[in-house]
Amino acid sequence: MAVPRFPTLLFFVVLSRTSCFANSQSFIGVNYGQVADNLPQPSATANLLQSTSIEKVRLYGTDPAIIRALANTGIGIVIGAANGDIPALANDPNFAKNWVNTNVVPFYPSSKIILITVGNEVMTSGDHNLMTQLLPAMRNMQNALNAMSLGGKIKVSSVHSMAVLKSSEPPSSGSFDPSFSDVMKGILGFNDETGSPFAINPYPYFAYRSDPRPETLAFCLFQPNAGRLDTNTKIKYTNMFDAQVDGVRSALNSLGFKNVEIVVAETGWPYKGDSNEVGPSVENAKAYNGNLIAHLRSMVGTPLMPGKPVDTYLFALYDEDLKPGPASERAFGLFKSDLSMNYDVGLSKSSQTPAGPKTPAGPSPKTPVGPSPKPEKATWCIPKSGVSDAQLQANLDYACGHGINCQPIQPGGACFEPNTVASHAAYAMNLFYQNSDHSPWNCDFSQTATLSSDNPRFLCVLCNPPYL
């Protein structure tokens, strides 16, 4: 989507006070792993989820107690067929029918099952037989749903690791590993034919582990950084999440599957690890997950998929204390087994503006060396001319992630139109400035904004009065 240049005058309204984000966002989900012996009762988990803005839950299996506990909550449920079930699913249509009759029919539609994932990271498992059986298994699962008149209501897909890509940097060069391109084309053809998503597991955490420089950490955590220029598209990426997801988008496009949507099936950051592990900490986990949520709520999307967030399932709801491997594997949970938070990322409906991470989420307003007087007359904070869309996106993410009300620039909001990065960033940057006591240094945004005493004409009229 081409984003128009900034007009000389920016049209927006400024709110005199803020309110919380919408109580729920359909694009925010969470993974509910069960490799643990201390998990809460399913009913308690259902109550916990209803107290948050999480609207989707991904299960790795088909635990009936959990599926039943989520009945009539409106929470979307992803259930999974294990890798071990793939041979039977592929070779026996009756096995697929029995699977659906056992794991779907008794619960649907009271339990809002929306997606069945057949296998997890099969294409990078190294098991060639399993890889070649994946597509037939998916087809038989789809046929079983169709036989129950559920085919148009519940989708079928599989989940892939980022290792299915041969290249993802720069994002425009994204391409699949040619060693299994024929199988992947078949799977993508199925996704395209049935309208099911391509599910991927991007982890900026692992990217940082392999390149533990401070600038890489900032890039992974949505914090201020120099950005990375894709020389093919001239797009400057300001965070690793967008770069990884757009790498997948490019790979899909390169095979002709431009209409297949992407779902982020897993992404997260551990809050603790072993002494020799690089990256795990409460500060980093809170920064990544909190800033990712703010990025999704900004509705900006990615540079190659602007204007809407990618459905994203955070990893994970709880710690899984029985997982093998380094300590970080057991420390991805957002919540403890007693239902308290490991750290606050603003998911609770009662308080959706978390305390900001120590390092700001985006281009932070510059603090002056000495005191600076406040302006005596009405002023507005506007972007400077010529600022790139990538920088405006970073400004938008920062402002929306630091307590201002960005609901009006979400779909259906009074200031959603015009639906451009420029317009939405102008709204958010100015509102951030107005709500920070009109301090001039809160209209810096890495030197991409300026104060103006010209009163813009108002395009939006909201319930709260404008600042005049």
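This structure is a prediction, so every number in the text was calculated from the model and none was measured.
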Pair Thr450-Ile382, side chain to side chain contact (heavy atoms under 4.5 Å, CB included): steps then yes or no: CA-CA 6 Å; Thr450 187; Ile382 63 174; 3.8 Å; yes

Leu347 and Ile28, any side-chain heavy atoms less than 4.5 Å apart: yes

Asn239 (side chain) donor-acceptor with Asp242 (main chain) under 3.5 angstrom: yes

Lys286 side chain to Glu283 backbone, donor-acceptor under 3.5 Å: no

Least distance between heavy atoms, Thr238 atom then Ala390 atom: CG2-O, 4.0 Å

Ser125 side chain to Asn83 side chain, donor-acceptor N/O pair below 3.5 angstrom: no

Short N-O contact, Glu261 and Lys308, less than 4.0 angstrom: yes

Pairwise side-chain contact, Leu392 with His424, heavy-atom cut-off 4.5 Å (strictly under): no

No-hydrogen, no-angle side-chain donor-acceptor test under 3.5 Å, Ser175 and Ser254: no

Ser423 (side chain) donor-acceptor with Asn419 (main chain) under 3.5 angstrom: no

Tyr343 versus Asn289, side-chain donor and acceptor atoms under 3.5 Å: yes

Backbone of Phe27 reached by a side-chain donor or acceptor of Lys56 within 3.5 Å: no

4.5 Å side-chain heavy-atom contact, Ile77 and Val57: no

Aromatic plane relationship, Phe315 with Tyr203 - under 30° parallel, 30 to 60° tilted, over 60° perpendicular: perpendicular

Exceeds 12 heavy-atom contacts within 6.0 angstrom, atom CD of Gln41: no

Any donor-acceptor N or O pair under 3.5 Å, side chains Arg58, Thr117: no

Heavy-atom pair with the smallest gap, counting every atom of Met240 and Pro204: CG-CB, 3.7 Å

Any side-chain donor near an acceptor of the partner, Tyr208 and Asn284, under 3.5 Å: no

Test of ring centre spacing under 6.0 Å for Phe257 and Phe198: no

Gln410 side chain vs Arg297 backbone, donor-acceptor pair below 3.5 Å: yes

Audit row: Ile409, Met299, side chain to side chain contact (heavy atoms under 4.5 Å, CB included) steps and yes/no: CA-CA 8 Å; Ile409 53 176; Met299 310 298 288; over 6 Å; no

Closest heavy-atom pair and its distance - Pro42, Ala65: CB-O, 3.7 Å

Any donor-acceptor N/O pair, Thr216 side chain to Asp211 backbone, under 3.5 Å: yes

Close side-chain approach of Met123 and Asp177, heavy atoms under 4.5 Å: no

Euclidean distance, Ile187 CD1 relative to Leu134 CG, rounded to 0.5 Å: 4.0 Å

Contact check, side chains of Thr52 and Val30, non-hydrogen atoms, under 4.5 Å: no

Distance-only donor-acceptor check, side chains Thr124 and Ser161, under 3.5 Å: yes

Side-chain donor/acceptor of Ser168 to backbone N/O of Gly174, under 3.5 Å: no

Close side-chain approach of Val156 and Ser196, heavy atoms under 4.5 Å: no

Exercise: do Gln391 and Thr448 side chains pair donor with acceptor under 3.5 Å: no

Donor-acceptor contact present, side-chain Asp230 to main-chain Ile235, <3.5 Å: no

Gln407 side, atom CD; Cys400 side, atom SG - distance, nearest 0.5 Å: 10.5 Å

Atom of Asp344, atom of Gly346 and distance for their closest heavy-atom approach: OD1-N, 2.8 Å

Residue of the set Trp269, Tyr271, Tyr205 for which ring pair (Phe, Tyr, Trp, His ring centres under 6.0 Å) holds with Tyr288: Trp269

Contact check, side chains of Ser337 and Asp319, non-hydrogen atoms, under 4.5 Å: no

Sequence-distant partners of Leu339, side-chain contact (heavy atoms from CB on, under 4.5 Å), two or more places apart: Pro40, Ala44, Leu48, Tyr318

Axial cation check for Phe332 ring with Arg330, 6.0 Å and 45° limits: no

Polar side-chain atom of Glu277 near backbone of Ser328 as donor-acceptor pair, under 3.5 Å: yes

Check against side chain to side chain contact (heavy atoms under 4.5 Å, CB included), Phe335 and Asn342: CA-CA 5 Å; Phe335 293 90; Asn342 277 317; 5.7 Å; no

Gly195 to Lys155 - nearest heavy-atom pair and separation: O-CE, 3.8 Å

Flag if over 12 foreign heavy atoms under 6.0 Å of CD, Gln34: yes

Heavy atoms of other groups near Lys323 NZ, more than 12 under 6.0 Å: yes

Minimum heavy-atom distance Ala265-Tyr313, with the two atoms named: O-CB, 3.3 Å

More than 12 heavy atoms from other groups under 6.0 Å of CG on Asp37: yes

Side-chain heavy-atom pair Val248, His160 within 4.5 angstrom cut-off: no

Positive for side chain to side chain contact (heavy atoms under 4.5 Å, CB included) with Val245, one of Val264, Leu304, Thr267: Val264

Donor-acceptor pair, side chain of Asn38 and main chain of Ala36, under 3.5 angstrom: no

Candidate pair Asp397 and Asn291, rule side chain to side chain contact (heavy atoms under 4.5 Å, CB included), full reasoning: CA-CA 8 Å; Asp397 292 345; Asn291 292 337; over 6 Å; no

